[in-house]
2 protein chains.
Amino acid sequence: MHATHDCVQLVPIFQALADDQLDTIESIVQHRHFQAGETLFNASDDLDSLMIVANGQVKVYQLAANGREQLLYLLQTGDIDGEAALFENRQRTSYGEALVPTDICSIRRQDFQQLMQTYPSISINVLNVFGKRLAQLEKQTTSTATESVEARLANYLTETAASLNTATFKLPLKKKDLATFLGTTPETISRKLSRFEKLGLITQKPGKLIQINDADQLLLTDA
Amino acid sequence: MHATHDCVQLVPIFQALADDQLDTIESIVQHRHFQAGETLFNASDDLDSLMIVANGQVKVYQLAANGREQLLYLLQTGDIDGEAALFENRQRTSYGEALVPTDICSIRRQDFQQLMQTYPSISINVLNVFGKRLAQLEKQTTSTATESVEARLANYLTETAASLNTATFKLPLKKKDLATFLGTTPETISRKLSRFEKLGLITQKPGKLIQINDADQLLLTDA
DNA sequence: CGACACTTTGATATTTATCAATACTTGTGG
DNA sequence: CCACAAGTATTGATAAATATCAAAGTGTCG
């Protein structure tokens, strides 16, 4: 198939552009496919392009000095990465890995800077993406640094449910990855989930399904 | 005295502008003074202006659900705040407090957006500031989530020394604030510093002075 | 079906927070 | 300039949360 602008149209930073402008952008975009488990990029790689997740899921993480992994972002279809360093910084500081088969479109640094000149609304959009990401990270920093694992997990569960608009949902990550996201270990997650279940706050079902029975009470955990 | 552009010139985001342009900007800037301990803004305040620290020191922090404080940034002369939300977000998510007598210049949201239109280089500069801040926060998140307090403190000490280009320096923060920055308690900081001293890695002198004796060994702490 | 990765559960160790008491600093008003 | 008050820092004893290590259980995908 010969999609016209199959990934460019997905992305908020190009929103508000006309169709023919999107076509122009699409024409300078490169397409790649990654299998589950494949590495998209490594820390210290040269950062030479903006990446758009056209389809799939990517985890972006850093390694601490002691070798432990910290999951920073879970990119979904339509998310972008690499913009943070596209300007001054020239090296990546994190690792990217596909969690499922994933399609990526990328735009080279130079082309992107050109685009921003041509369509100034793009830079405003990029600023907005930055702003959101900063706010999210600030919150994550605060919560890992000051709240108990139990509280962070409770929060994560209620927020995930809220964003999916349902009380029953499938954990989008392996416990192993969820652990690095929340700054804890898989064992602790297992135990805390069992505890929540024993308290009647959630119900665990096969296939990583979680049902939240009492979101309010859950949030009071360890408050 | 009648300074021409006493704060605007300090700030990287206005760099590369001509003197008369800086004068224009200075003319729309508002000046305020805060005493040590005074609050500059609170979470949930409307975010209606970009703030420039013309002189002084400001701590920016968040409160977690359990009421504990997390220091996110320590703004020094020439730093800016508020840019993150100047676009889409309309409310602050953190608190700002002057640590010493502080002069602030602020530019109202509307004026700033106007400026960005007139001088496109400003938005590129803002993007760069964002990028740096993101990178710093990502690192902080990783380190609080995955490293021991001891390692984080060791890191903080060597980095501070490195950035000041000296092995002996005065801690720029009270232990209380340093604790919230590193995600720990003042007591633990006291103890860890004593430990480092006992190991001969640092020397503590009166007046919050710290001398680093063996930066390499310090970084191996708990690696 | 089997291998391999992931998860759970248990026993234990470790780190760090918490609480409490004492000492030290610093700035202020007499 | 001193003395005191208030905030800040240290030290000790104890408790709590979570990591770690180990082993058994479960799921999943070729």
Side-chain angles (χ1 to χ4, degrees), chain A residues 35-38 59 64 66-71 97 99-101 143-154 156 170-198 202-210 221-223, chain B residues 35-38 59 64 66-71 97 99-101 143-154 156 170-198 202-210 221-223:
Chain A
Q35 302 185 298
E38 238 184 306
K59 75 168 176 178
N66 55 23
R68 285 179 54 172
E69 193 176 309
Q70 169 67 34
L71 203 165
E97 180 189 322
L99 291 181
V100 299
S143 127
T144 36
T146 64
E147 291 175 343
S148 66
V149 170
E150 199 161 308
R152 276 176 268 156
L153 178 58
Y156 174 82
K170 179 163 172 273
L171 286 176
L173 288 168
K174 294 177 204 154
K175 296 232 169 83
K176 201 182 67 146
D177 288 325
L178 183 52
T180 81
F181 183 62
L182 296 177
T184 181
T185 59
E187 292 96 324
T188 298
I189 296 204
S190 264
R191 289 188 239 271
K192 295 298 182 187
L193 285 179
S194 308
R195 195 171 118 77
F196 289 157
E197 187 159 35
K198 219 163 284 162
I202 67 168
T203 311
Q204 296 187 70
K205 298 176 188 171
K208 284 195 221 158
L209 274 184
I210 301 273
T221 298
D222 191 297
Chain B
Q35 302 184 299
E38 239 184 306
K59 74 167 177 179
N66 55 23
R68 285 180 55 173
E69 192 177 309
Q70 169 67 33
L71 202 166
E97 179 189 324
L99 292 181
V100 299
S143 130
T144 37
T146 64
E147 291 176 341
S148 67
V149 171
E150 200 161 309
R152 276 177 268 157
L153 178 59
Y156 174 82
K170 180 165 173 272
L171 287 176
L173 288 168
K174 294 178 203 152
K175 296 232 168 82
K176 200 181 68 144
D177 289 324
L178 183 53
T180 80
F181 183 63
L182 296 176
T184 180
T185 60
E187 292 96 324
T188 299
I189 296 204
S190 265
R191 289 189 239 271
K192 294 299 181 186
L193 285 179
S194 308
R195 194 172 119 76
F196 288 158
E197 187 159 34
K198 218 164 282 164
I202 68 168
T203 310
Q204 297 187 71
K205 297 176 188 172
K208 285 196 220 158
L209 274 186
I210 301 273
T221 298
D222 193 295

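Note that the structure is predicted; figures quoted are calculated from it, not measured. Protein chains get the first letters and strands the later ones, always in sequence-line order, with residue 1 at the start of each.
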Separation of atom CZ in B/Arg152 from atom P in C/dT15, rounded to whole Å: 13 Å
Distance test, side-chain N/O of A/Thr188 to OP1/OP2 of D/dA19, below 4.0 Å: yes
From C/dT16, C/dT7, C/dT18, nucleotide with atom closest to B/Arg68 side chain: C/dT18
Qualifying residue for side-chain contact (heavy atoms from CB on, under 4.5 Å) with B/Leu171, from B/Ile210, B/Asp177, B/Leu209: B/Ile210
Any donor-acceptor pair under 3.5 Å from B/Glu197 side chain to B/Gln204 backbone: yes
Phosphate-side-chain proximity, B/Ser194 and D/dT10, N/O vs OP1/OP2 below 4.0 Å: no
Spacing of A/Arg191 atom CZ relative to C/dA11 atom P, expressed in whole Å: 11 Å
Residue-phosphate contact under 4.0 Å: A/Ser148 side-chain N/O, D/dA17 OP1/OP2: no
Salt bridge (charged side-chain N to carboxylate O under 4.0 Å, His left out) between A/Lys192 and A/Glu150, intermediate numbers included: CA-CA 6 Å; A/Lys192 295 298 182 187; A/Glu150 199 161 308; 2.9 Å; yes
CZ on B/Phe181 to CG on B/Leu153, rounded to 0.5 Å: 11.5 Å
B/Glu187 side-chain proximity, nearest of C/dA17, D/dT20, C/dT18: C/dT18
CG-CD1 distance between B/Leu178 and B/Ile189, expressed to the nearest 0.5 angstrom: 4.0 Å
Distance in angstrom units between B/Leu153 CG and D/dA9 C1', rounded: 15 Å
Those residues of residues 170-180 of chain A lying under 4.0 Å from DNA chain C by at least one heavy atom: A/Lys174, A/Lys175, A/Lys176
B/Lys175 vs B/Lys208 side-chain heavy atoms within contact, under 4.5 Å: no
Length of the CD-P vector between A/Glu197 and C/dT9, whole Å: 9 Å
A/Glu147 CD - D/dA17 C1' separation (whole Å): 15 Å
Distance test, side-chain N/O of B/Thr185 to OP1/OP2 of C/dT18, below 4.0 Å: no
Sugar-phosphate, base or nothing in reach of A/Gly37, heavy atoms under 4.0 Å: nothing
Between the protein and nucleotides 28-30 of chain D, are there any N/O to N/O pairs under 3.5 Å, and if so, what are the atom names and distances?
none

For atom CD of A/Glu150 and atom P of D/dA17, their distance in whole Å: 8 Å
For atom CG of B/Leu182 and atom C1' of C/dT15, their distance in whole Å: 16 Å
Donor-acceptor under 3.5 Å (A/Arg68 side chain, B/Glu147 main chain): no
Shortest side-chain distance from B/Lys192, nucleotide among D/dA9, C/dT18, C/dT16: C/dT16
Minimal non-hydrogen separation, B/Lys176 against B/Pro186, with atom names: CA-CG, 4.0 Å
B/Leu193 CG to D/dT10 P, straight-line distance once rounded to whole Å: 7 Å
Separation between OG1 of A/Thr146 and CG of B/Asn66, rounded to the nearest 0.5 Å: 5.0 Å
Side chain proximity check, B/Leu173 to B/Lys59, heavy atoms < 4.5 angstrom: no
